[in-house]
Amino acid sequence: QVQLVESGGGLVQAGGSLRLSCAASGRTFSSYVMGWFRQAPGKAREFVSSISRSGGSTDYADSVKGRFTISRDNAKNMVYLQMDSMKPEDTAVYYCEASGRMVITTTRSGYDYWGQGTQVTVSS
């Protein structure tokens, strides 16, 4: 089992940047595929990005491709989401999620654990 705690959210102007962090508990962090999802008010939670267990493979939603970068540090049990050139439509609660699957998955049903989320607000 793994526990996840997100941080780094806040208020930023359009065009600005934020870096989200996710701290994971447990000694088996490197055995999990990690992902970021987000949920805007009145909308379903949607996939943002995912990274393989080694960090060698990543995937992004089309809406964030070229602007967001996911990374992980298995020695520190951390996963990050660098968000650049942010837009008002990026406003949402961002969730860090862990999957016990062996390959990257972009669907919520593939994830087993998630944190409480961190609010990101982008003003125009």
Side-chain angles (χ1 to χ4, degrees):
Q1 191 169 359
V2 61
Q3 292 183 326
L4 304 170
V5 179
E6 304 95 336
S7 62
L11 174 64
V12 64
Q13 289 188 333
S17 298
L18 278 178
R19 187 195 196 205
L20 303 184
S21 299
C22 174
S25 65
R27 295 178 294 175
T28 59
F29 174 72
S30 60
S31 67
Y32 289 95
V33 167
M34 298 300 297
W36 287 95
F37 286 75
R38 67 186 181 186
Q39 187 166 17
K43 296 187 177 181
R45 194 175 299 188
E46 65 175 6
F47 169 77
V48 175
S49 182
S50 181
I51 188 166
S52 63
R53 296 181 295 176
S54 68
S57 297
T58 58
D59 198 6
Y60 298 91
D62 288 343
S63 59
V64 307
K65 201 169 293 184
R67 300 187 299 119
F68 290 10
T69 304
I70 191 172
S71 61
R72 67 188 296 164
D73 185 337
N74 286 342
K76 296 182 179 179
N77 284 14
M78 296 290 294
V79 62
Y80 307 98
L81 185 69
Q82 177 66 40
M83 305 185 292
D84 299 318
S85 302
M86 297 187 72
K87 304 175 180 181
E89 50 264 44
D90 294 323
T91 295
V93 176
Y94 283 70
Y95 296 90
C96 174
E97 305 204 7
S99 169
R101 297 190 175 186
M102 296 184 68
V103 296
I104 286 177
T105 179
T106 63
T107 59
R108 280 225 64 221
S109 60
Y111 288 82
D112 308 295
Y113 306 101
W114 49 90
Q116 292 298 311
T118 185
Q119 176 69 48
V120 171
T121 303
V122 184
S123 63
S124 57

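Keep in mind that the numbers below use all heavy atoms, side chains included, and drop hydrogens, waters and symmetry copies.
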How long is the span from the OG atom in Ser109 to the CZ atom in Arg101, to the nearest 0.5 Å? 5.5 Å
What one should report as the nearest heavy-atom pair of Asn77 and Gly26 is ND2-O, 2.7 Å
Evaluate the ring planes of Phe47 and Phe37, with Trp represented by its six-membered ring, and classify them as parallel (under 30°), tilted (30 to 60°) or perpendicular (over 60°). perpendicular
Going from OH on Tyr94 to OG on Ser7, what distance comes out if it is rounded to the nearest 0.5 angstrom? 15.0 Å
Distance col, row Thr121:OG1 vs Met86:CE, nearest 0.5 angstrom, shows 9.0 Å
Nearest 0.5 Å please: distance from the OG1 atom of Thr28 over to the CD atom of Gln1. 10.0 Å
Does any part of the side chain of Ile70, heavy atoms only, come nearer than 4.5 Å to the side chain of Tyr60, both counted from C-beta? yes
Indicate yes or no: at least one non-hydrogen side-chain atom of Ser123 is less than 4.5 angstrom from one of Gln13. yes
Nearest heavy-atom approach of Ser17 to Ser85 is OG-N, 4.4 Å
Ion pair Asp90/Lys87, N-O distance below 4.0 Å: no
Can Val48 be reached from Tyr111 by stepping across I, L, V, M, F, W or Y side chains whose heavy atoms are under 4.5 Å apart? no
Student check: side-chain heavy atoms of Trp36 and Cys96 closer than 4.5 Å: yes
Per side-chain contact (heavy atoms from CB on, under 4.5 Å), Met83 is matched among Val12, Val64, Leu20 by Leu20
Greater than 12 external heavy atoms within 6.0 Å of Gln3's CD: no
Got a donor-acceptor contact below 3.5 angstrom from the Ser50 side chain to the Met34 backbone? yes
Within 6.0 angstrom of Lys43 NZ, more than 12 heavy atoms from elsewhere: no
Please check: side-chain N/O of Arg72 versus main-chain N/O of Val33, any donor-acceptor pairing under 3.5 Å? no
Test side-chain contact (heavy atoms from CB on, under 4.5 Å) on Met78 and Ser21; report intermediate values, then the result. CA-CA 7 Å; Met78 296 290 294; Ser21 299; 3.7 Å; yes
Any chance you could measure Tyr32, atom OH, to Ser52, atom OG, to the nearest 0.5 Å? 16.0 Å
Here the pair of heavy atoms bringing Met102 nearest to Arg53 is CE-NH2, 3.6 Å
Taking Glu6 for its side chain and Gln116 for its backbone only, find out whether a donor-acceptor pair lies under 3.5 Å. yes
Between Ser30 and Asn74 the two heavy atoms that sit nearest each other are CB-ND2, 3.6 Å
Let's go through Tyr80 and Thr69 carefully: what are the C-alpha distance in whole Å and the side-chain angles of both, what is the deciding distance for side-chain contact (heavy atoms from CB on, under 4.5 Å) to 0.1 Å, and is it a yes or a no? CA-CA 8 Å; Tyr80 307 98; Thr69 304; over 6 Å; no
May I ask you to establish whether Arg108 and Tyr95 are in a cation-pi arrangement, using a distance under 6.0 Å from NZ or CZ to the six-membered ring centre and at most 45° from the ring axis? no
Does Gln119 form a side-chain contact (heavy atoms from CB on, under 4.5 Å) with Thr91? I'd like the steps, not just the answer. CA-CA 8 Å; Gln119 176 69 48; Thr91 295; 4.1 Å; yes
Closest approach of Ser99 and Thr105, non-hydrogen atoms and distance? OG-CG2, 3.9 Å
Can you check side-chain contact (heavy atoms from CB on, under 4.5 Å) on Tyr113 and Ser25, steps first, answer last? CA-CA 11 Å; Tyr113 306 101; Ser25 65; over 6 Å; no
Considering all heavy atoms of both residues, which atom of Val79 and which atom of Ser71 are nearest to each other, and what is their separation? CG2-O, 3.1 Å
